[in-house]
Amino acid sequence: MLDPNTISWTSLMGGYTAAKQPNMAVWLFAKMPKNIVFPNAFTLSTVVNACSVLADVKAGKLVHAFVEVYGYQTNLIVCASLVDMYGKSNDLGSARRVFDSMVERNVVPWTSMIVGYAQNAQVYEALKLFREFSRVADDPPNQYMLSIVVNACASLGRLVYGKVTHAAVVKRGHESNEVVATALADMYAKCGCFESSLKVFRRMLNSCLISYTSMIMSAAKHGLGEVSLELFEEMILKGIKPTDVTYLGILYACSHSGLVDRGLELLNSMQAEHGVIPDVKHYTCVVDMLGRRGRLDEAYRLAKTIELRHDSEGALLWGSLLSASKLHGRLDIADEASKWLIEAKQQVDTAYVSMSNIHVLTGNWDDSQSIRSEMKRVGVRKEPGCSWVEIKDSVYVFYARDVSSCPRGMEVLELLKDLENRMKERGYIGGSKGLVFVDVEDESKEEIVNLHSERLALGFSLLSIPKGETIRIMKNLRMCGDCHEAFKLISSIVERDFVVRDVNRFHHFKNGSCSCKDYW
DNA sequence: CTAGGGTTAG
């Protein structure tokens, strides 16, 4: 073009962003003034969007400055793009400032702001904003807004919130929207209702790749590995091509239902069958699968062969191997895994605590203590483990070694005692795997229990000595992939509306870290 | 030529 104008430049930037090269869009924006072409509202929102994709808040702030300079701070779309950019860059303060300054708002910036809160571990804030929108806005919530709100309810794991949002979805007639329905199915599963999840899923007319992948993962999390495998077969028959995420789900399913050999087969055939090349995340999942079944030598051998592009990729891999070594009493492998983590500066707190605990479990109290001293010396602190349960619409949060922070903690203790008795009736006592309590004096048990609780995800950290056995059983049930059995036992005690939440629910949180305290 | 949503291993 002899004389490209603002529109030509903007088109080009939009094209680069669409072609997954948003950095080129930003680069072009910087070149505009030299060519005596000036940005308008279209240009600015396009380049803000490029910054959003890059999650580059620095570039975004520069563009924001241009927005002010050129006087577009009252433009709805430009501001909407800024809210989105700040939210996706984890700068919620700036996102909110732009949002509050807007003279005119439609459902889009409201949605962006809700997404911002929801994906930065401020789910309650996100839901609050949704309620405010419903009160003040002229438009009804659409499928975009509803899907993110359903997603927010899912990450809270609180069924009541999810049900209320489901009602809003029905009221607005967005039940049949594929994205909303997938979010609903995911929400029910994460809130502990696998049956409702499957019901929503089965009502969908065209279950697509993501809905199948999500459903496979849900079944797996509920200990229903066979159901995951059936769903996988079904989607293949429908001609839907699995992706790397689908394979991750199916490997996870095998791992958590004890289908180790099936999992290995799938790993070995995925490339030939569906052209998905196994990468670090798949191998990590398989290492975990072998490890939890006690096949630690194989797990270790596999782990050593995996090429990491970055140390952060090894955090999960060696962390998982460490936890399996601890469970099966393999001090040698645990030692190497924790060394790897500490040297790579990944999960250092967990590595130290795990090593200290494994020494306790094998009776080496002195080694355990010296690691605790080392932690103090180098200033490593472990954030206390946190778990929560939901009983009939109320949530009870537990911190390891802290009874007082939980309201009605004593009642929950009673519940746990009951749980323990029922498990004993079912013969779950003794004979479990691991080296727990081997060669340890009775009076040491309390310490073991306390140490163990730090990483327990089931809310049983309050237990004292006699109930220590319960912790052990629950943990082993989970580690053996029999979590469905554990869930059933828990449900049978409370009869209904009992949801057990894992602490590892921050998958949606992109950058930086967040603590359980932020969450609740 | 412009802004928003669902699945991801310990």
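Throughout, a chain's letter reflects where its sequence line sits, starting with A, and its residues are numbered from 1.
Comparing B/dG10, B/dG4, B/dA9 against the side chain of A/T111 picks out B/dG4 as the nearest. The side chain of A/V107 lies closest to B/dG4 when the candidates are B/dG4, B/dC1, B/dG6. Looking at the side chain of A/L316, the nearest of the listed nucleotides B/dG5, B/dA9, B/dG6 is B/dA9. Of the listed nucleotides (B/dG6, B/dG10, B/dC1), B/dC1 has the atom at the smallest distance from the side chain of A/F42. Picking from B/dC1, B/dG6, B/dG10 the nucleotide with the shortest atom distance to the side chain of A/N40 gives B/dC1. Proximity note for A/C285 (side chain, C-beta onward) versus B/dA9, B/dG4, B/dG10: the nearest is B/dA9. Of the candidates B/dA3, B/dT7, B/dA9, B/dA3 carries the atom nearest the A/A80 side chain, counting heavy atoms from C-beta on. Counting only heavy atoms from C-beta on, A/T10 has its side chain closest to B/dC1 among B/dG6, B/dC1, B/dT7. Proximity note for A/I148 (side chain, C-beta onward) versus B/dT8, B/dG6, B/dA3: the nearest is B/dG6. With B/dA9, B/dT8, B/dA3 as the candidates, the nucleotide lying closest to the side chain of A/T284 is B/dA9.
Qualifying ring-ring contact (aromatic ring centres under 6.0 Å, His included) partners for A/F133, counting only residues two or more places apart in sequence or in other chains: A/W110. The salt bridge (charged side-chain N to carboxylate O under 4.0 Å, His left out) test applied to A/D138 returns no partner, not counting sequence neighbours. Listed by chain and residue number, nothing satisfies the side-chain contact (heavy atoms from CB on, under 4.5 Å) test with A/D3 (two or more places apart in sequence, or in another chain). Residues that satisfy the salt bridge (charged side-chain N to carboxylate O under 4.0 Å, His left out) test with A/K31, not counting sequence neighbours, are absent from this structure.
Nucleic acid contact for A/C254: none, since no nucleic acid atom lies under 4.0 Å from a heavy atom of the residue. Heavy atoms of A/V115 sit under 4.0 angstrom from primed sugar atoms or phosphate atoms, though from no base atom. Note on A/S214: only backbone sugar-phosphate atoms sit closer than 4.0 angstrom, heavy atoms only; bases stay farther off. Within the 4.0 angstrom heavy-atom criterion, no nucleotide atom of any strand lies near A/V150. Among the heavy atoms of the strands, none lies under 4.0 Å from A/V149. Looking at heavy-atom distances under 4.0 Å, A/N142 makes contact with a base.
Put simply, the side chain of A/T46 and the base of B/dT2 share no donor and acceptor less than 3.5 Å apart. Within 3.5 Å, no donor on the side chain of A/S147 pairs with an acceptor on the base of B/dG6, nor the reverse. Side chain A/S112 to base B/dG4: no donor-acceptor pair is found below 3.5 Å.
A close approach under 4.0 Å does occur between a side-chain nitrogen or oxygen of A/K190 and OP1 or OP2 of B/dT8. An OP1 or OP2 oxygen of B/dT7 is reached within less than 4.0 angstrom by a side-chain nitrogen or oxygen of A/N151. The side chain of A/N49 contributes no N or O atom lying less than 4.0 Å from OP1 or OP2 of B/dC1. Between A/Q119 and the phosphate of B/dG6, there is a side-chain N or O to OP1/OP2 separation shorter than 4.0 Å. Between A/H256 and B/dG10 there is a side-chain polar atom (N or O) within less than 4.0 angstrom of OP1 or OP2. Regarding contacts with the backbone of B/dG10, a side-chain N or O of A/Y252 is found under 4.0 angstrom from either OP1 or OP2. A close approach under 4.0 Å does occur between a side-chain nitrogen or oxygen of A/K88 and OP1 or OP2 of B/dG5.
Rounded to a whole Å, the CE atom of A/M145 is 14 Å from the P atom of B/dG4. If you measure from atom CZ of A/F130 to atom P of B/dG5, you get 16 Å, rounded to the nearest angstrom. A straight line from CG of A/D244 to C1' of B/dT8 spans 8 Å, rounded to a whole angstrom. Atom OH of A/Y86 is separated from atom P of B/dA3 by 18 Å (rounded to the nearest Å). Remark: P of B/dG6 and CD of A/E175 are 20 Å apart, rounded to the nearest angstrom. Taking atom CZ of residue A/F133 and atom P of nucleotide B/dG5, one finds them 15 Å apart after rounding to whole Å. Whole-Å rounding puts the A/M187 CE to B/dG6 C1' distance at 12 Å. Rounded to whole angstrom, the span from the CE atom of A/M289 across to the P atom of B/dA9 amounts to 16 Å.
Looking at heavy atoms from C-beta onward, A/Y16 lies out of side-chain contact with A/W27 at the 4.5 angstrom threshold. The side-chain heavy atoms of A/R97 and A/Y86, taken from C-beta on, include no pair separated by under 4.5 Å.
The ring of A/Y247 has its center closer than 6.0 angstrom to the ring center of A/F232.
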Could you go step by step and tell me if A/D84 and A/S52 meet the side-chain hydrogen bond (donor to acceptor under 3.5 Å, both in side chains) rule? CA-CA 7 Å; A/D84 178 65; A/S52 169; 3.0 Å; yes
Residues A/T246, A/I240; criterion side chain to side chain contact (heavy atoms under 4.5 Å, CB included); working and verdict: CA-CA 11 Å; A/T246 317; A/I240 302 169; over 6 Å; no
I'd like to know whether A/D261 forms a salt bridge (charged side-chain N to carboxylate O under 4.0 Å, His left out) with A/R295, so could you lay out the CA-CA distance, the side-chain angles of the two residues, the decisive distance to 0.1 Å, and finally the verdict. CA-CA 12 Å; A/D261 294 320; A/R295 289 161 70 165; 3.4 Å; yes
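In the region residues 68-76 of chain A, proximity to DNA chain B at under 4.0 angstrom, judged on heavy atoms, holds for none of the residues. Residues of residues 298-310 of chain A having a heavy atom closer than 4.0 Å to DNA chain B: none are found.
A/E298 and A/R301 are not joined by a salt bridge, as no carboxylate oxygen comes within less than 4.0 angstrom of a charged side-chain nitrogen.
When each of A/E125, A/R96, A/K128 is tested with A/Y117 by the rule side-chain hydrogen bond (donor to acceptor under 3.5 Å, both in side chains), just one qualifies, namely A/R96.
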